[in-house]
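Notes to accompany the following structure.
Labels below follow one simple rule: chain letters A, B, ... track the order of the sequence lines, proteins then strands, and each chain is numbered from 1. All of these numbers come straight from a predicted model, not from anything done at the bench.
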Number of protein chains: 2
Amino acid sequence: MAGVRIRDVAQHAGVSVGTVSNVLNRPGDVSPDSVERVNRAIEQLGYVRNDAARKLRAGVSTTVGFVVLDGQNPFFTDVVRGAEDEASSHNLAILYGNTDEDVARERMYLDLFEEQQVRGVLISPYGDIHSRLERLRARGIPAVLVDRFSGDGRFSSVSVDSVAGGRMAVEHLIGTGRRRIAFVGGPFDMQQVRDRLAGARVAAENAATPVEIEVLATEAPTVEAGVVAGARILARPRGDRPDALFAANDLVALGLLQALVVDGRMLVPDEIAIIGFDDIPFAGAAAVPLSSMRQPSRMIGRTALRILLEETADPDLIRRQTVFLPELVVRRSTASTAAGASASATPGAIRGR
Amino acid sequence: MAGVRIRDVAQHAGVSVGTVSNVLNRPGDVSPDSVERVNRAIEQLGYVRNDAARKLRAGVSTTVGFVVLDGQNPFFTDVVRGAEDEASSHNLAILYGNTDEDVARERMYLDLFEEQQVRGVLISPYGDIHSRLERLRARGIPAVLVDRFSGDGRFSSVSVDSVAGGRMAVEHLIGTGRRRIAFVGGPFDMQQVRDRLAGARVAAENAATPVEIEVLATEAPTVEAGVVAGARILARPRGDRPDALFAANDLVALGLLQALVVDGRMLVPDEIAIIGFDDIPFAGAAAVPLSSMRQPSRMIGRTALRILLEETADPDLIRRQTVFLPELVVRRSTASTAAGASASATPGAIRGR
DNA sequence: GATACTGTATGGAACGTTTCACTCGCGGTC
DNA sequence: GACCGCGAGTGAAACGTTCCATACAGTATC
């Protein structure tokens, strides 16, 4: 179809096929004169390297797979963006797969990527795929876990310290005077969800005055699930409601926010505070600007890809867990009740008429 | 590296290499008995097809490229999701590239995808790449434009009628009693931006009472640019401000919304109405829930991929432009001044205390 | 009984690159 | 002047599939 092969270039430039290949891959080993002639021929004929043949013979791939848990989540699109930046600087393309928390899809993409013989796989895992990843590695395809700590150290990982994040979030809530705190999120087979709750509990236990953490499980960490959970909270008698919500991520928090309106009156932050996790770009633009735990998402992507490349270069490289610390970003959704009046002074705060 | 090749499978199953290949590709042509034996051997040996070799020989690729203008924009992540769904049902993987409105990146990804010999390319173009795409097509790689109408019909395209959308948006604004309308967006070398403005002008001209459309150009269709534009509007004396803003997309609209707060008082919708475009999931969760023109984003992705596959099957297929009509979604950000009091009855509306 | 046909299965060529063992010329060294 | 080493280039094998021409056995047709 394409028509112009390396052989044509060689002929046109008056050199052998091998020399053209050398120009392409190790220009230093070829005389400047030949390099020049070959490059001109490539230019003139519009030659484009056939990656399939290259991959077949050299066994080296120019693509990296990225299996993402939730591609709609701005946090992940940021992570992907970081990985993409790093990848493009190495002339790699990204094979992208969105699992939407579906084990079957996850497996499908890993199969697909294995057939493709990608250079490596970045994955924010959902199901238990350790053995699947081991098999990939046995075939020379390393994997790096993204947004998940690899507890047993079998794989390198890049993540944020969710336990610390959970602790910081709840410490902040307690610091603003909240005492009846609920954790809203799920499913609990997601490591991050468990960790954030665990951190929350640590903060609760360490508090000077006793604090209880109630758990409101959601089916998924999505806006819709947040809305549902918010409605359930509203359905309770007033005195029985929590006075602060720690959402497993910003999507859930945004859903809660949407739901917590009674008779046109927004309960946040005066009756109920909300803090999310991720600090997605939309958190600050929400109905009530959302406090959140910021993750260095692009950096996570970049770092993960870099580690992946190091492991492709040396498969026996010792695994390492990279953990970033999240950063508390305070906005109006956790303004303390006492300071409620002064909240209107907060930039970007919204006071109704 | 992988180790187990089709030859091993053949040996293990006691058939020839050709037969295994037939089982893999045309199981109907092989006796049930052989199919069974081969499949068992594949299972036992853990054989995985080498896609590079397959692609090299058969000349058929199992990946599709998707070059996206702005991967952070939820509209595009939705479109990608739609394409991905369709792709995975054909056992295709998506090579993903985010150009971020950068001509160099755009070209880089097209080069990369050409080397990869993808089955086809889905692209929301930024620069002028018609000739580049023609060349791809000449090499057997068709392309379908996404979110952009192909005026000259050289390529198939899937998009939303931006002119109609712009018209509907401004008609709505006029219907709520606004008269001094500004269009906020840019850059104007983006087709969609131009079209939306053109539609807005049509609505303004058709209005019973004369309406002026002011144009506030932004550098990019982003939240940040929206914030900047909003600040510029605020800087004007009150009487000189528009009473309605039509933003080129929801990101810009969200930025405007963030900026339009004076002394803690939100000017939207009472003094200034805002309507966006795309109806991204976060539009409804914004500070003031955002009216917007909804695009069937997933459907756009699905459709584009389907058309692409049809064109790979028959390259001489006549090009076609698929255009969806956007849908007006009214929320609080365009509540009419007169009806302002009743706005609190709108579900999800937020009234301050 | 010869012929044609059908359903299966086979072996080997071909896809376009990379890589490796090799050749060739040339200048330097003993 | 024989030998060595080196830089530059060559030619052919190999990567793991797919596909095609072919073979073969069995059955239907005349």
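Between B/Thr99 and the choices B/Asp70, B/Leu110, B/Val67, the side chain to side chain contact (heavy atoms under 4.5 Å, CB included) rule is met once, by B/Val67. Screening B/Thr312, B/Leu133, B/Val64, B/Leu136 against B/Ile141 for a side chain to side chain contact (heavy atoms under 4.5 Å, CB included) leaves a single residue, B/Leu136.
If you measure from atom CG of B/Asp51 to atom P of D/dG16, you get 14 Å, rounded to the nearest angstrom. For A/Ile6 and C/dC15, the CD1 to P distance is 15 Å, given to the nearest whole Å. Rounded to an integer number of Å, the gap from CG of A/Leu56 to C1' of C/dG16 is 9 Å. Remark: P of D/dT17 and CD of A/Gln117 are 9 Å apart, rounded to the nearest angstrom. The distance from atom CZ of B/Arg49 to atom C1' of D/dG16 is 12 Å, rounded to the nearest whole Å. Per the geometry, CD belonging to A/Gln11 stands 18 Å off P belonging to D/dG9, to the nearest Å. The CZ atom of A/Arg5 sits 15 Å away from the P atom of C/dT18 (whole-angstrom rounding). One atom, NZ of A/Lys55, and another, P of C/dT19, lie 15 Å apart when rounded to the nearest Å.
Between C/dA14 and B/Arg57, no contact under 4.0 Å exists linking OP1 or OP2 to a side-chain N or O.
For A/Gln11, the CD atom is loosely surrounded, since the number of other residues' heavy atoms within 6.0 Å does not exceed 12.
Heavy-atom distances under 4.0 Å link DNA chain C to B/Ser16, B/Thr19, B/Asn22, B/Val30, B/Ser31, B/Ser34 of residues 16-46 of chain B, given in residue order.
The cationic atom of A/Arg137 (NZ for Lys, CZ for Arg) lies less than 6.0 Å from the six-membered ring centre of A/Phe155 and within 45° of the ring axis.
The base of C/dT17 is not paired with the side chain of A/Arg54 by any donor and acceptor separated by under 3.5 Å.
Formation of a donor-acceptor pair under 3.5 Å by the A/Glu114 side chain with backbone atoms of B/Val48 is not found in this model. Side-chain atoms of A/Gln116 do not come within 3.5 Å of backbone N or O of B/Asp51 as any donor-acceptor pair.
In secondary-structure terms, DNA chain C builds stems of at least 3 consecutive Watson-Crick or G-U pairs, each pair having both distances under 3.5 Å, at C:1-30 with D:1-30.
Closest contact between the side chain of A/Ala58 and the listed nucleotides C/dT17, D/dT10, C/dT18 involves C/dT18. Which of C/dG16, C/dT18, C/dT10 sits closest to the side chain of A/Asn50 comes down to C/dG16.
B/Arg105 has no carboxylate O lying under 4.0 Å from a charged side-chain N of B/Asp100, or vice versa, which leaves the two without a salt bridge. Using a 4.0 Å cut-off between charged nitrogen and carboxylate oxygen, B/Arg107 and B/Asp111 do not count as a salt-bridge pair.
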Item to check | Pair B/Arg5-B/Asp8, salt bridge (Lys or Arg N to Asp or Glu O under 4.0 Å): steps then yes or no | outcome: CA-CA 5 Å; B/Arg5 289 142 316 194; B/Asp8 305 316; 3.4 Å; yes
